[in-house]
Amino acid sequence: SALVIYLIYTIATNKPADFKFAAVGEFFIPDSQITENYIKDRFTEIQTVAISTAFLSESFPDQNAAYAQKAMILLTVSGEDVIVVDRDIFERYSPMGAFEPLDDLFDEIIQYDGVMELNIRPALSSLRQNDETSGDERIYGIDVSDSQFLSSIGINGRSQILTISVKSSDKGLATNF
């Protein structure tokens, strides 16, 4: 009965995270505290950070079913603010409208001195409706694969594309990230 009381108390007092970050694809985060500390240090208004991962890899097909379900939830329902994805995930989910367009943000970022030396580039995609491409290509992610940015905050992966979820509860904060 003490366990039941504890569970009820935990559920009743559990406050949602101020910022939700996810890594979906072939990513390894050995110590999520490094990532959490970076976010909290950079944004003083953030008290709680939720970091989620869904490791999807062709090298481990037996594990993919469960992680694929988790990835779909993270990408379409759960309201993550910033999601780092690999190229395969980006190409699968961006045409479905899972990510915010980042054309204006990318144009703003490249104006800063020294940014182009960081080796970032736009990740382009077109939306699809009824299996047909609709509209021109737009920027739905920022490819930081050739940059050291994510590894410096404890996230390791081959291809790395930063995106903002269309379900983000605070797009302004996600954009500032």
Side-chain angles (χ1 to χ4, degrees), residues 6-57 59-60 63-64 66-90 92-94 98-100 102 105-106 108-109 112 114-115 117-121 123 139-177:
Y6 171 76
L7 289 174
I8 292 171
Y9 174 78
T10 303
I11 291 169
T13 60
N14 192 11
K15 181 182 166 223
D18 298 325
F19 189 81
K20 293 180 172 181
F21 181 90
V24 178
E26 286 193 50
F27 292 100
F28 179 62
I29 303 176
D31 183 0
S32 63
Q33 193 65 48
I34 295 170
T35 309
E36 184 176 335
N37 289 343
Y38 169 82
I39 294 168
K40 285 181 176 179
D41 290 347
R42 185 148 160 57
F43 304 101
T44 55
E45 68 271 27
I46 294 177
Q47 300 297 310
T48 56
V49 177
I51 297 175
S52 303
T53 59
F55 182 80
L56 294 173
S57 172
S59 303
F60 301 99
Q63 297 176 358
N64 277 353
Y67 282 122
Q69 288 178 344
K70 184 176 181 181
M72 189 167 71
I73 290 168
L74 290 171
L75 291 165
T76 61
V77 179
S78 75
E80 304 304 303
D81 293 301
V82 172
I83 306 173
V84 60
V85 296
D86 64 20
R87 175 63 58 187
D88 291 340
I89 298 298
F90 180 79
R92 187 176 315 147
Y93 285 93
S94 61
F99 311 123
E100 283 289 318
L102 302 177
L105 176 62
F106 189 80
E108 181 183 327
I109 289 171
Y112 293 110
V115 167
E117 287 84 46
L118 297 176
N119 296 317
I120 64 168
R121 57 188 180 278
I139 300 171
Y140 287 96
I142 299 174
D143 190 331
V144 295
S145 301
D146 296 331
S147 163
Q148 295 299 312
F149 170 66
L150 289 178
S151 62
S152 72
I153 63 169
I155 302 168
N156 302 304
R158 254 184 335 175
S159 67
Q160 305 167 344
I161 300 172
L162 289 170
T163 66
I164 296 175
S165 171
V166 295
K167 300 289 185 175
S168 171
S169 60
D170 192 338
K171 290 182 177 61
L173 190 59
T175 299
N176 288 336
F177 177 84

Using modelled atom types only, decide if a donor and an acceptor are shared between the side chain of [X] and the backbone of [Y] within a distance under 3.5 Å.
X    : Y    : answer
K20  : S78  : yes
T163 : I83  : yes
K167 : A98  : no
D86  : S159 : no
S168 : S165 : no
T48  : D18  : yes

Counting C-beta onward and ignoring hydrogens, is there a side-chain heavy-atom pair between [X] and [Y] closer than 4.5 Å?
X    : Y    : value
R121 : D146 : yes
D143 : R87  : yes
S32  : V49  : no
F177 : L162 : yes
F106 : I120 : yes

How far does [atom1] of [X] sit from [atom2] of [Y], to the nearest 0.5 angstrom?
X    : Y    : atom1 : atom2 : value
F90  : Y140 : CZ    : OH    : 9.0 Å
I164 : I142 : CD1   : CD1   : 7.5 Å
Q148 : Q160 : CD    : CD    : 8.5 Å
I51  : F19  : CD1   : CZ    : 9.0 Å

(request) Please work out which of the three classes, parallel, tilted or perpendicular, describes the rings of F149 and Y38, given edges at 30° and 60°. (result) perpendicular

(message) Check the orientation of Y67 and F55. Use parallel for under 30°, tilted for 30 to 60°, and perpendicular for over 60°.
(response) perpendicular

(request) Mind running side-chain contact (heavy atoms from CB on, under 4.5 Å) on L173 and E45 for me, showing each step along the way? (result) CA-CA 10 Å; L173 190 59; E45 68 271 27; 3.2 Å; yes

(request) Let me know which of V84, I89, L56 forms a side-chain contact (heavy atoms from CB on, under 4.5 Å) with F27. (result) V84

(message) If you apply the rule side-chain contact (heavy atoms from CB on, under 4.5 Å), what do you find for I109 with L102, and how did you get there?
(response) CA-CA 10 Å; I109 289 171; L102 302 177; over 6 Å; no

